[in-house]
Amino acid sequence: MNSEIRKRIEQNLGEGQHFSIERIASPGAKDSEHQTSRISAYVASELKLQLSEMFDHLDAAEAEAQPRNRTDANASLWTPRQLEKHLIEQISIGINNRVNSGITVSSGSRVFGPPYLSWHLGNALLYPDGYEAYTMTYDNIDPKATVLEGFSAAGYGFEVTTSSAVLTEITPQGNYDWYWAAARELPFVRNRGGMGIAVFNNSQQQPVILRQPILWSISGVKANTGDGGNGRIVDAATPAFGFGTIPLAPVLVNMIPDSKYTIWVWSWNISRMEQEDPFSSQIHFSMPLVTINANRPVVTH
């Protein structure tokens with residue numbers, strides 16, 4: 001985001017209430033490496049768990065038994081179990097996020113933008129502008145591999161501190177878009193993607209808060225099909241049947257004085273397929289700024 005525009009926004013908001021949330025402008029190289037390594041390891045462990053749930057040992061046995069070269073074009077590639085999983089996944093993740101984009105900055109907000117800390121895993125791309133990222137279908141660089149299985153993720157973040165106890169409301173501002181496409185019937189393809197947000201107290205290994213909504217999830221695909229969606233980062237959410245959805249943001253965090261906190265936002269993509277499967281997917285997001293509001297802390301007894 002243009003620094004002059006950001007400066008004007010902050011000036012316009014200057015008439016409102018002032019909060020004691022300050023950005024740590026340039027964390028040292030050692031500290032930056034520690035923060036990026038921690039979030040990379042944490043997200044990787046979360047995505048590995050999802051991948052193991054998407055494609056289990058029974059799926060592997062059915063995939064192994066399926067002939068690789070079929071001569072009967074009319075023969076079904078779907079086993080009863082794979083068809084059931086395909087239908088369940090379609091019903092469970094019935095999202096088609098296509099909404100108007102936009103950025104909303106409320107009165108009294110502190111505005112934070114690039115430069116950000118950044119990290120990426122797998123087949124991901126960070127843009128030179130410092131606030132855009134693409135995460136794509138996992139691609140195994142080993143040409144001898146018959147199965148492509150893994151994940152990609154990429155994100156941005158920054159550190160803040162406070163001189164007094166505050167309840168912060170953190171809202172990443174920007175948009176995301178995603179798509180997937182398949183050129184052939186592929187009952188054993190697995191693919192899933194979404195957004196994530198986490199806040200770490202830098203003195204702790206586990207995040208104070210973590211949300212990782214799923215925007216799409218594929219368990220097998222029909223020939224010549226695809227889908228996509230887009231929306232505001234704050235509206236990214238996984239359906240929660242009977243209880244409503246929980247959006248990615250805003251998130252509320254009680255911050256304590258003189259502690260450092262790192263705020264991370266990322267996109268992610270998990271996939272499992274055969275080497276020659278004609279399938280691709282990607283998710284892109286752009287986060288030109290993050291707004292933070294602060295109020296008296298919430299104390300529970």
Side-chain angles (χ1 to χ4, degrees), residues 1-40 42-43 103-120 126-133 154-174 195-205 207-211 233-234 248-267 285-297:
M1 179 182 182
N2 184 282
S3 59
E4 185 60 28
I5 295 175
R6 187 165 68 249
K7 183 178 179 181
R8 289 179 184 176
I9 292 174
E10 293 184 281
Q11 288 174 344
N12 291 338
L13 297 174
E15 299 298 327
Q17 184 178 357
H18 292 276
F19 304 122
S20 56
I21 298 293
E22 300 297 333
R23 182 171 184 167
I24 300 173
S26 13
K30 185 176 181 180
D31 185 43
S32 295
E33 183 179 355
H34 172 68
Q35 304 310 327
T36 54
S37 297
R38 179 174 59 182
I39 186 64
S40 296
Y42 193 86
V43 172
I103 291 175
T104 303
V105 181
S106 59
S107 177
S109 297
R110 289 295 309 274
V111 179
F112 301 87
Y116 296 128
L117 300 172
S118 63
W119 59 275
H120 68 279
L126 296 170
Y127 265 46
D129 59 21
Y131 61 85
E132 288 189 79
Y156 294 102
F158 59 95
E159 292 182 295
V160 296
T161 189
T162 177
S163 59
S164 58
V166 293
L167 172 65
T168 59
E169 180 187 72
I170 303 163
T171 307
Q173 302 282 357
M195 296 292 301
I197 187 170
V199 180
F200 283 86
N201 180 322
N202 287 3
S203 64
Q204 301 171 4
Q205 281 301 112
V208 177
I209 192 166
L210 168 71
R211 291 179 187 168
I233 294 173
V234 294
L248 181 82
V251 295
L252 301 177
V253 178
N254 275 322
M255 293 187 177
I256 58 178
D258 303 320
S259 290
K260 296 179 181 180
Y261 294 84
T262 306
I263 300 162
W264 292 107
V265 178
W266 67 93
S267 61
F285 81 96
S286 171
M287 187 178 70
L289 58 89
V290 177
T291 57
I292 299 181
N293 284 311
N295 292 286
R296 293 179 181 177

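Throughout, numbering of the chain's residues begins at 1 and tracks the sequence.
- Looking at every heavy atom in both residues, Arg110 comes nearest to Glu22 through NH1-OE2, 3.6 Å.
- Pairing each heavy atom of Ser32 with each of Leu117, the nearest pair is OG-CD2, 3.5 Å.
- The minimum heavy-atom distance linking Met255 with Tyr261 is given by the pair CA-OH, 3.4 Å.
- Here the closest non-hydrogen pair linking Arg38 and Phe200 is NH2-CB, 3.3 Å.
- Between the side chain of Thr168 and the backbone N or O of Val253, at least one donor-acceptor pair lies under 3.5 Å.
- Within the 4.5 Å cutoff, no side-chain heavy atoms of Trp119 are placed close to those of Gln35.
- Between Pro172 and Val265, the shortest heavy-atom contact is CB-CG2, 3.9 Å.
- Annotation for Ser118 and Thr36: closest pair O-CG2, 3.4 Å, computed over non-hydrogen atoms.
- Considering only heavy atoms from C-beta on, Val43 stays 4.5 Å or farther from Trp264 through its side chain.
- The ring pair (Phe, Tyr, Trp, His ring centres under 6.0 Å) test applied to Tyr116 returns Tyr156, not counting sequence neighbours.
- Judged by distance alone, the side chain of Arg211 and the main-chain N or O of Met195 form no donor-acceptor pair under 3.5 Å.
- The only option from Val208, Leu210, Ile209 that meets the side chain to side chain contact (heavy atoms under 4.5 Å, CB included) definition with Val251 turns out to be Ile209.
- Taking the side chain as every heavy atom from C-beta outward, Thr171 and Gln173 approach each other to under 4.5 Å.
- In this structure, Thr161 contributes its side chain and Ser259 its backbone to a donor-acceptor pair below 3.5 Å.
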